[in-house]
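Each remark here refers to the structure printed beneath this line.
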Amino acid sequence: MAVEASGKLNVSDDEDGPVIFKRSNTASKKNQLNLEVPPSNGQNSGVQKGKVVQSVKASPTKSFVGISKASTSHVNTSNVKSPLANLKASSSGDKSRPPLEHKMLNAVKEEKDCIKHLSKDNFEDSEDEDNKPLSARLKMNSNHTSKATPVVQKTSEDSDDDDDLPLSARLSRNVGTSGSKYNDSDQKKHLSKVQKDGSSASIKQEKMSTVSVKRPLDKTNSLHSSAKKPKLSDPTSSMKSKQVSIKPEPKVDDDDDHIPISQRLAKSSASGNKSSSVKKVVKAVKVNKAGSASFKKQVKNLKKSGKNSEYSKSTKLLPSSGDGQKKWTTLVHNGVIFPPPYQPHGVKMLYKGKPVDLTPEQEEVATMFAVMRDTDYMQKDRFKDNFWSDWRKLLGRNHVIQNLKDCDFTPIYDWYQGEKEKKKQLSSEEKKVLKEEKAKQEEKYMWAIVDGVKEKVGNFRVEPPGLFRGRGEHPKMGKLKRRIHPSDITINIGKDAPIPECPIPGESWKEIRHDNTVTWLAFWNDPINPKMFKYVFLAASSSLKGQSDKEKYEKARMLKDYIGNIRAAYTKGFTSKDITRQQIAVATYLIDKLALRAGNEKDDDEADTVGCCTLKVENVTAEPPNKLKFNFLGKDSIRYENTVEVELPVYNAILKFQKEKGPGDDLFDQLDTSKLNAHLKELMPGLTAKVFRTFNASITLDDMLNKETKDGDVAEKIVVYQIANKQVAIICNHQRSVSKSHSAQMSRLTEKIDELQDALKELKTDLDRARKGKPPLKSADGKRKKNLTPDALEKKINQTNAKIEKMQRDMKTKEDLKTVALGTSKINYLDPRITVAWCKRHEVPIEKIFNKSLLAKFAWAMDVDPDFRF
DNA sequence: GCACGGACTTGCCCGAATGGTT
DNA sequence: AACCATTCGGGCAAGTCCGTGC
């Protein structure tokens with residue numbers, strides 16, 4: 001954590017005032033984020049423009065419990081940075097606050113573009129609507145909403161807002177309404193199927209885990225959401241208000257750029273802007289309840305501040321907005337650290353039973369192979385073949401070793417195991433020393449100074465050589481990933497910054513660049529696939545990353561305003577006579593409904609996996625009357641297996657796309673991701689396929705949290721969160737392999753339950769006897785038991801029962817989650833503001849949900865208004 | 001409009017650290 | 001304190017999507 005503060009921080013909460021951060025030495029550790037004191041970066045002497053401020057990503061860790069009333073008091077997390085930095089000056093000793101590059105999400109601009117687009121589009125009705133772009137028909141549909149609900153009528157309960165919900169969420173809302181085909185139990189059934197199938201032992205090997213329902217099926221008509229009026233004409237909709245707020249001037253947001261967050265929050269909500277997010281974060285503004293006069297003064301001051309001011313902002317452009325916009329102004333860092341050179345061990349492997357002499361280079365590669373003995377890769381011929389072919393190049397044609405089959409790496413393997421064991425046996429003192437030594441060596445590489453702010457670097461360690469471990473059936477698995485040298489590495493750094501010293505004497509960097517349109521600090525070509533690059537980026541906790549994260553979620557939120565129309569549009573496309581259009585419609589439907597990935601084309605030298613656009617005929621099986629069974633390997637060769645009920649037109653369209661094709665042919669032969677995304681961009685500015693995943697994940701969380709959270713204790717609320725989290729993970733097909741010890745753990749639990757049940761029986765017998773005034777029987781081990789009263793025995797029985805029930809619940813949860821990975825969605829798909837706001841509303845300490853690194857990563861979200869909804 | 005280079009996000013796994021239990 | 005399960009966080013592979021140039 002990039003916090004340089006020797007004291008602990010305390011979040012203090014004035015009665016109804018702002019939350020401010022105070023230093024407190026007595027603050028109990030419990031509610032404090034453990035703020036580390038990073039060793040000062042001795043490299044700062046070359047700081048450009050002189051100012052260095054610690055980027056404090058750590059969120060205030062005071063739980064929201066104490067500040068949840070703070071619907072009016074917003075903790076500006078970014079504020080946190082500066083006060084902290086101010087508490088103790090950073091290494092430069094300068095307490096001033098640097099400009100933080102807070103580009104604004106130019107959603108507004110984009111929306112403006114979109115409006116332009118929509119209005120210039122041709123919306124006239126024609127005989128054949130299929131000839132119109134979906135975007136055009138979209139508008140039309142929304143103006144004739146009844147047309148867009150061909151399948152099932154919406155019930156009166158369906159509110160306009162339904163469009164904002166994921167299909168799955170809307171399902172439950174429809175439960176019990178007439179015409180609802182699927183009910184809650186269906187949903188549960190689907191979910192439980194996941195669990196059941198997931199228990200198959202082959203999961204790990206085959207990645208065959210079955211995720212039955214990514215998004216529980218809902219009534220088909222919910223897709224249409226036809227009742228929803230186009231937001232464009234809805235005066236109360238946020239979109240409308242956003243549009244209204246769009247001014248022709250390019251600097252739409254300037255007015256409140258410098259307004260403290262709390263003020264702007266109030267402002268934005270007053271203006272009907274749904275977004276409580278802050279476009280620009282002003283650091284170190286102590287939010288106080290000062291009157292508007294002083295507030296205005298503050299704003300004025302901020303506005304006055306020029307380019308060099310600590311409040312000045314850098315570019316506001318979105319990364320996606322094209323022509324090389326600036327990501328930073330000054331950038332200082334120390335380059336990358338290399339793995340240590342190879343230390344030959346001299347242990348001789350055997351060839352045809354005889355020891356073989358190897359050069360250090362040959363031995364190094366042999367060792368890489370030897371130590372992989374216990375992995376699944378050793379069962380794969382491709383791995384061994386690739387290894388052999390690369391190793392043989394090192395050995396040379398005339399080497400005594402002529403084939404891999406006769407190689408015995410056991411001596412090296414044993415040596416390695418011994419080394420591992422030695423390391424394990426080190427005393428904790430010794431381990432600590434080693435760790436500190438390593439940290440000391442790495443310290444200088446851990447930080448970069450971006451526009452005067454000290455930020456953590458993500459992956460400053462150059463990847464060591466090794467054997468390539470591709471996932472799934474990767475054609476290149478086992479190939480030698482050669483060592484990377486300074487001459488492979490391009491460094492990106494500020495023009496005025498000192499060029500990092502090359503850490504390997506006598507060698508030098510490949511190239512030095514000063515490109516401030518990109519965020520990488522260094523890159524090298526991937527030795528396995530030289531067309532690809534390996535980048536060194538800033539850590540997730542950095543402002544740069546935080547900013548784009550926020551933009552991602554803002555874009556997904558924007559989709560909420562468009563989703564109704566988009567669904568109406570693709571529904572129309574299902575029956576289009578234009579095959580491309582029809583395929584686009586069906587693909588968009590699948591991406592929306594099932595949260596599928598886009599599915600880019602892949603090279604032959606990659607594992608054979610697919611996404612939506614690259615689905616093969618064989619990946620989808622039609623099951624009459626209207627079910628589709630999906631079965632394919634997706635990203636990371638994780639199997640996606642799901643049978644879903646779809647709208648009949650979709651079902652028929654799929655049948656049509658499959659007609660006269662072989663199993664390996666493309667289902668969507670007219671489609672690729674660029675066409676699909678180009679189309680999506682017509683519907684909403686910046687819209688791409690992956691936005692649907694973010695949208696669906698976040699809206700599901702938001703909806704489930706808000707529906708399911710009941711009054712109760714914190715533990716119960718956390719369970720609600722975990723259930724929602726799990727639901728999202730299932731939707732996104734985030735899987736994990738079953739832990740090796742899973743079955744052992746389960747049987748241990750079963751054993752314990754059995755023991756408890758035996759004890760229960762005994763207690764019941766004793767109770768019977770006690771009621772009859774008889775003493776208890778001797779226990780199984782022959783010991784005499786205390787003579788308890790019936791009341792005491794009853795109490796014990798109840799306790800035991802409760803214990804058994806809890807253990808059974810735990811077991812079930814464990815089994816349920818054994819193949820579900822919750823982390824991925826938390827890190828990548830769930831808008832943290834949903835979580836933070838929910839925590840504030842329900843007095844759940846945020847630390848119960850976000851760990852230290854998530855708190856740092858989501859620092860930008862911590863000040864969200866408790867009323868925030870996705 | 002397409003191929004390709006390039007930049008960035010997403011995703012699973014595994015070893016280390018942490019935390020709970022006996 | 002030893003043991004075991006869980007969580008954390010790094011590692012790096014594998015995606016998405018953009019821009020460019022032909």
Side-chain angles (χ1 to χ4, degrees), chain A residues 204 207 318-324 327 339 375-376 420 423-424 428 431 435 458-464 466 468-472 474 476-477 481 490 492 515 517-520 523 525-526 528-535 537-541 544-545 548-549 551-552 597-603 606-607 609-614 633-638 672-678 680-681 686-691 693-694 697 729 732-737 739-742 744-745 748-749 752 810 814 817 819 821-829 850-854 856-857:
Chain A
K204 162 95 199 212
K207 303 281 187 187
L318 256 192
S320 56
S321 61
D323 44 34
K327 298 277 172 49
T375 69
D376 289 346
K420 245 177 36 180
K423 242 188 211 166
K424 241 197 215 162
S428 49
K431 280 182 193 162
K435 208 179 143 190
N459 53 329
F460 50 87
R461 297 175 194 93
V462 171
E463 291 176 20
F468 177 70
R469 298 155 101 113
R471 317 248 168 90
H474 200 294
K476 296 193 170 184
M477 63 168 77
K481 201 169 71 157
T490 300
N492 191 32
D515 185 353
T517 67
V518 295
T519 65
W520 53 266
F523 85 87
N525 287 91
D526 180 1
I528 291 297
N529 187 350
K531 284 190 300 192
M532 301 204 302
F533 314 102
K534 298 283 197 175
Y535 292 94
F537 290 116
L538 292 173
S541 58
L544 225 45
K545 292 278 190 194
S548 62
D549 218 23
E551 284 163 10
K552 173 182 77 183
R597 295 187 186 83
N600 282 314
E601 303 290 329
K602 298 193 77 186
D603 283 349
E606 296 175 275
T609 63
V610 301
C612 184
C613 292
T614 40
L633 293 182
K635 182 178 178 180
D636 292 311
S637 295
I638 297 292
D672 62 35
T673 53
S674 61
K675 273 185 199 155
L676 179 68
N677 283 334
L680 292 176
K681 280 198 177 57
L687 184 62
T688 61
K690 87 186 189 82
V691 180
R693 265 169 89 80
T694 314
C732 294
N733 199 33
H734 291 147
Q735 298 190 29
R736 59 175 182 163
S737 53
S739 99
K740 277 177 209 153
S741 56
H742 177 81
Q745 287 173 25
R748 212 167 302 159
L749 286 172
K752 273 192 179 164
D810 289 352
K814 202 182 171 80
L817 290 177
T819 59
L822 299 181
T824 307
S825 52
K826 231 176 182 177
I827 293 170
N828 297 302
Y829 287 106
F850 289 159
N851 62 33
K852 204 171 100 181
S853 51
L854 286 179
K857 175 177 162 121

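Every chain is numbered from 1, with letters handed out A, B, ... down the list of sequences. As the structure is a prediction and not an experimental result, all values here were calculated from the model.
- Considering only residues two or more places apart in sequence or on other chains, A/F460 meets the ring-ring contact (aromatic ring centres under 6.0 Å, His included) condition with none of them.
- Taking atom CZ of A/F533 as the reference point, atom C1' of C/dC18 lies 14 Å away to the nearest angstrom.
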Check nucleotides 2-6 of chain C against the protein and report each pair of N or O atoms closer than 3.5 Å, with its distance, or say if there are none.
residue : atom : partner : partner atom : Å
C/dC4   : O3'  : A/R748  : NH1          : 3.0
C/dA5   : OP1  : A/R748  : NH1          : 2.2
C/dA5   : OP1  : A/R748  : NH2          : 3.3
C/dT6   : OP1  : A/K814  : NZ           : 2.9
C/dT6   : OP2  : A/Q745  : OE1          : 3.0
C/dT6   : OP2  : A/K814  : NZ           : 2.9

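- For A/R461, whose side chain is taken as the heavy atoms from C-beta onward, the closest listed nucleotide among C/dG10, C/dC17, B/dC8 is C/dG10.
- Judged by the 6.0 Å distance and 45° axis criteria, A/K534 is not positioned over the aromatic ring of A/F523.
- A close approach under 4.0 Å does occur between a side-chain nitrogen or oxygen of A/T688 and OP1 or OP2 of C/dC17.
- Among the nucleotides B/dG5, C/dA14, C/dA13, the one closest to any side-chain atom of A/K481 is C/dA13.
- Within the 4.0 Å cut-off from OP1 or OP2 of C/dG15, at least one side-chain nitrogen or oxygen of A/K602 is found.
- A residue-by-residue look at A/G634 and A/F460 shows that A/F460 has its nearest nucleotide of DNA chain C further toward the 5' end.
- Between A/F533 and A/D526, every side-chain heavy-atom pair lies at or beyond the 4.5 Å cut-off.
- No N or O donor and acceptor, one from the side chain of A/K690 and one from the base of C/dT16, sit under 3.5 Å apart.
- Residue A/K431 places its NZ atom among more than 12 non-hydrogen atoms of other residues, nucleotides or ligands, all under 6.0 Å distant.
- The phosphate of B/dT9 (OP1 or OP2) has no side-chain N or O of A/N828 nearer than 4.0 angstrom.
- Look at A/K531 and A/D603 and you find a salt bridge, because one of the NZ, NE, NH1 or NH2 atoms lies within 4.0 Å of a carboxylate O, short of that distance.
- A side-chain donor from one of A/N600 and A/T673 sits under 3.5 Å from a side-chain acceptor of the other.
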